[in-house]
Trainee: 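Before I ask anything, here is the structure I am working with.
By convention here, the first residue in the shown sequence is residue 1.
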Amino acid sequence: MKTGFRQSMAALHTWSGLLAGWVLYFVFVVGTASYFQISIDRWMSSDESLARPHERPLGNVELLNHAQDWLERHAIGAQRWWIRLPDPTGFVGSRDALLGWQDAGPDGQWHSLRLDPFDGRLHPAGGEPGGKILRRMHYALHYLPQAVGERLVGICAMFMLVALLSGIITHKKIFKEFFTFRPNKGQRSWLDAHNVLGVLLLPFLLMITYSGFVFFLPEYMPLPFERIYRGDERAYYQEQGRSSPPTATGIAAPVVSLSNQPFAHLGPNEGPPTWIFLYNPEDSAGLIEVRRNRAATDLLMQPTGLYEAANGRALPSPMAKGPVSRIHDVFIALHVAFFADSALRWMLFASGIGGCAAIASGLVLWILKRRQQALRTGHVGFGLRLAEVLNLGTIVGLPLAIAVYFWANRLLPEALAGRFEWQVHAMFIAWGLMFGHAALRERRQAWVEQLTLACPAYALLPLLNILTSDRHLGRSLPAGDWQLAGVDLTLLAFGGLFGLVELKLRRRWYGVVGEQRCKVLP
């Protein structure tokens, strides 16, 4: 029988979603969490305290003086310095200030320290922040070499884009399906849920998938860049409007006082400075690059100002960005939500959770159809059983493993060598154990048991926070610190969500008899 166009698109939608679905679910989960990267960084930080909620932090002038004085005394001969000033509202900002430097040489080592915003004292930066590593997992998959991880994520994102476009063609009654949901109908309910989520989140899913390509365009499409720029990466970035580091002359020249320069006193309408880079500090060819945030509603990336390091004289701005570069910046800003205030960031977070649910429901739906076929034949093949294990270990096991990551942050001793690395190891060890559990247990028992673990794993984290730190709800709520309190409250909400799902499955599976159980979940 001849297959029609829509039937072909349906098959393409099914298989493109399945083949990349488990990796895409991982990418969506950790990517959604990274919308609140800074909040997670603060929750996991071991050296920040809420004990001074009424103490006024230092201003940019005082922080710049502290940072420059320390760098001039301890980072002599470095090829570059950098200072990040506090920016509680920005995507890359926080309440703390940071300073760092790169040693001389082509492979010079990077160093960083945390500058206390209340007294200007220097503290160890403490390795990778908790939220930052989740963001890096989102595009590099952590244990893989970064280039391999980026390309694998890119391939899966291409499958995602194909699944989205083929899904649009397949579901021609897209608006009718948006208003159609039939609960307690087994496979039909899962299909309705998948369709509703797909239609509701379609603009977000298209935007987040395509903008992810733009983010790593040179890596995903290297041949055009090689042909146009002949391997000259500097020319590419200059055309984008970015500055390139100058060549040192070897002639000594002290750095001008940063706190006395106009860029240190920009008002809120112009955008306060966020990043200050000094290339070839204490050299006559030294260059100061200032990046600042503009209004929260501005989609474009941070503008850049250039100054001579020896005298503070403003230099001509880099090449003005053309339409292509500006569109490129808009897509990147859309992907990481540079512009989002708290309300919009929560909406994006909810959309990311919905994207996770759309992927998960598609994977469950595929299993349901094959499970019903297996029941008719009386044979469950290896491929179906493997897919069932991957489904459970990914859909429930991954969130449970992320909860273990938070638990490890609080329970591992501070003196443990490689403490940060072991937090990440604990997450992936727990994830591997969930796959093993899914393989060894009967499928219905495995779903209920993992959900039973996930509920207290999240719900008890705020209690653990009270017992192990001074950054808990008892302090953050009275201080009005919603950035920090939001983490604890969100963990409680996820614990309740997993508990409700577990309760519903337990009642449905163990409150009915016969083959009707198979209609609920694979």
Side-chain angles (χ1 to χ4, degrees), residues 26-27 29-31 33-34 36-49 74-75 78 82 84 92 94-103 105 107-116 121-150 152-153 393 397-437 453 457-458 460-461 464-472 484 487-488 491:
F26 174 87
V27 169
V29 168
V30 295
S34 67
F36 290 102
Q37 170 194 322
I38 303 304
S39 300
I40 297 174
D41 288 349
R42 291 189 58 209
W43 195 94
M44 288 190 161
S45 173
S46 60
D47 55 7
E48 184 183 9
S49 175
H74 296 92
W82 57 269
R84 192 196 74 189
V92 295
S94 75
R95 292 173 51 174
D96 290 338
L98 295 176
L99 63 83
W101 68 99
Q102 184 185 15
D103 295 333
D107 300 318
Q109 185 176 357
W110 290 85
H111 309 270
S112 62
L113 293 170
R114 188 180 71 87
L115 186 64
D116 192 296
R121 291 184 298 176
L122 274 298
H123 305 277
E128 292 284 350
K132 184 176 181 180
I133 196 62
L134 293 176
R135 179 171 64 87
R136 184 170 297 169
M137 290 177 190
H138 168 66
Y139 63 84
L141 305 182
H142 192 66
Y143 284 117
L144 295 178
Q146 182 164 330
V148 176
E150 288 174 357
L152 180 58
V153 171
L398 175 60
L400 183 53
I402 292 176
V404 171
Y405 177 48
F406 281 76
W407 279 82
N409 173 263
R410 285 292 185 262
L411 295 180
L412 290 177
E414 292 287 341
L416 177 66
R419 183 178 184 273
F420 163 73
E421 290 80 6
W422 274 108
Q423 293 177 47
V424 181
H425 296 335
M427 170 182 164
F428 283 95
I429 290 171
W431 195 14
L433 291 174
M434 292 304 101
F435 281 115
H437 172 266
L453 285 174
Y458 278 93
L460 293 179
L461 273 169
L464 178 68
N465 195 24
I466 292 174
L467 298 175
T468 57
S469 80
D470 61 353
R471 301 182 304 282
H472 49 75
L484 195 57
V487 178
D488 282 316
L491 293 172

Trainee: About how many Å separate NE2 of H142 and CZ of F26, when rounded to the nearest 0.5 Å?
Mentor: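 Rounded to the nearest 0.5 Å, the CZ-NE2 separation comes out at 9.0 Å.
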Trainee: Should W101 and H74 be marked as a side chain to side chain contact (heavy atoms under 4.5 Å, CB included) after you check the CA-CA gap, both sets of side-chain angles, and the distance that decides it?
Mentor: CA-CA 10 Å; W101 68 99; H74 296 92; over 6 Å; no
Trainee: Would you say the side chain of E414 lies within less than 4.5 Å of the side chain of R419, judging by non-hydrogen atoms?
Mentor: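 Contact flag for R419/E414 side chains = yes.
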Trainee: State whether the side chain of W407 and the backbone N or O of A457 hold a donor-acceptor pair below 3.5 Å, judged by distance alone.
Mentor: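 Yes, the answer is positive, given that a donor and an acceptor are paired below the 3.5 Å cut-off.
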Trainee: Side-chain contact, heavy-atom cut-off 4.5 Å: Q37 with K132?
Mentor: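 In short, these two side chains touch, coming nearer than 4.5 Å.
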Trainee: In sequence, state the C-alpha distance, the side-chain angles, and the governing distance for L141 and V153, and then conclude on side chain to side chain contact (heavy atoms under 4.5 Å, CB included).
Mentor: CA-CA 8 Å; L141 305 182; V153 171; 3.7 Å; yes
Trainee: Would you call F406 and L464 a side-chain contact if the rule is heavy atoms closer than 4.5 Å?
Mentor: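 A side-chain contact under 4.5 Å is absent here.
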Trainee: Without swapping roles, check the side chain of H138 against the backbone of V27 for a donor-acceptor pair under 3.5 Å.
Mentor: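 Flag set: sc H138 to bb V27 pair under 3.5 Å.
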Trainee: Are side-chain heavy atoms of L144 and L152 found at a separation under 4.5 Å?
Mentor: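 Side chain of L144 against side chain of L152, heavy atoms only: contact under 4.5 Å found.
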Trainee: Using the ring-ring contact (aromatic ring centres under 6.0 Å, His included) criterion, which residues pair with Y139? Sequence neighbours excluded.
Mentor: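 By the ring-ring contact (aromatic ring centres under 6.0 Å, His included) rule, Y139 matches F216.
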Trainee: side-chain contact (heavy atoms from CB on, under 4.5 Å) with H437: which residues, sequence neighbours excluded?
Mentor: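 Partners of H437 by the side-chain contact (heavy atoms from CB on, under 4.5 Å) criterion, ordered by chain and then number, come out as R441, A446, E449, Q450.
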Trainee: Do S112 and W82 have side-chain heavy atoms sitting under 4.5 Å apart?
Mentor: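 With C-beta onward as the side chain, the pair touches.
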Trainee: Could you pull out the closest heavy-atom pair between V487 and I40, with the gap in Å?
Mentor: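 Looking at all heavy atoms of both residues, the closest pair is CG2-N, 4.3 Å.
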Trainee: Quick check against the 3.5 Å criterion: does Y405 have a side-chain atom that pairs as donor or acceptor with the backbone of G130?
Mentor: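 A pair under 3.5 Å: yes.
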Trainee: Who passes side chain to side chain donor-acceptor pair (under 3.5 Å) against S39, sequence neighbours left out?
Mentor: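 Applying side chain to side chain donor-acceptor pair (under 3.5 Å) to S39 gives none.
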Trainee: Sort out for me which residue in R471, H472, R410 forms a side chain to side chain donor-acceptor pair (under 3.5 Å) with N465.
Mentor: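 Looking at R471, H472, R410, the match for N465 under the side chain to side chain donor-acceptor pair (under 3.5 Å) is R410.
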Trainee: What pairs with H111 under side chain to side chain donor-acceptor pair (under 3.5 Å), at least two apart in sequence or on another chain?
Mentor: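 H111 satisfies side chain to side chain donor-acceptor pair (under 3.5 Å) with D103 only.
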Trainee: When you compare the side chain of V29 with that of I402, does any pair of heavy atoms fall below 4.5 Å?
Mentor: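 The answer is yes; the side chains approach within 4.5 Å.
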Trainee: What donor-acceptor contacts under 3.5 angstrom involve side-chain atoms of residues 421-435, with partners at least two apart or in another chain?
Mentor:
| residue | atom | partner | partner atom | Å |
| --- | --- | --- | --- | --- |
| Q423 | OE1 | N409 | ND2 | 3.1 |
| H425 | ND1 | Y143 | OH | 2.6 |
| H425 | ND1 | E421 | O | 3.4 |
| W431 | NE1 | G393 | O | 2.7 |

Trainee: Work out which heavy atom in L134 is nearest to a heavy atom in A33; give both atom names and the distance.
Mentor: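 Heavy atoms of L134 and A33 come nearest at CD1-CB, 4.1 Å.
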Trainee: Is the shortest heavy-atom distance from the side chain of W43 to the side chain of D488 under 4.5 Å?
Mentor: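 In short, these two side chains touch, coming nearer than 4.5 Å.
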Trainee: So, taking the atom named CG in D41 and the one named OG in S34, what distance separates them when rounded to the nearest 0.5 Å?
Mentor: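 So the gap between those two atoms works out to 10.5 Å.
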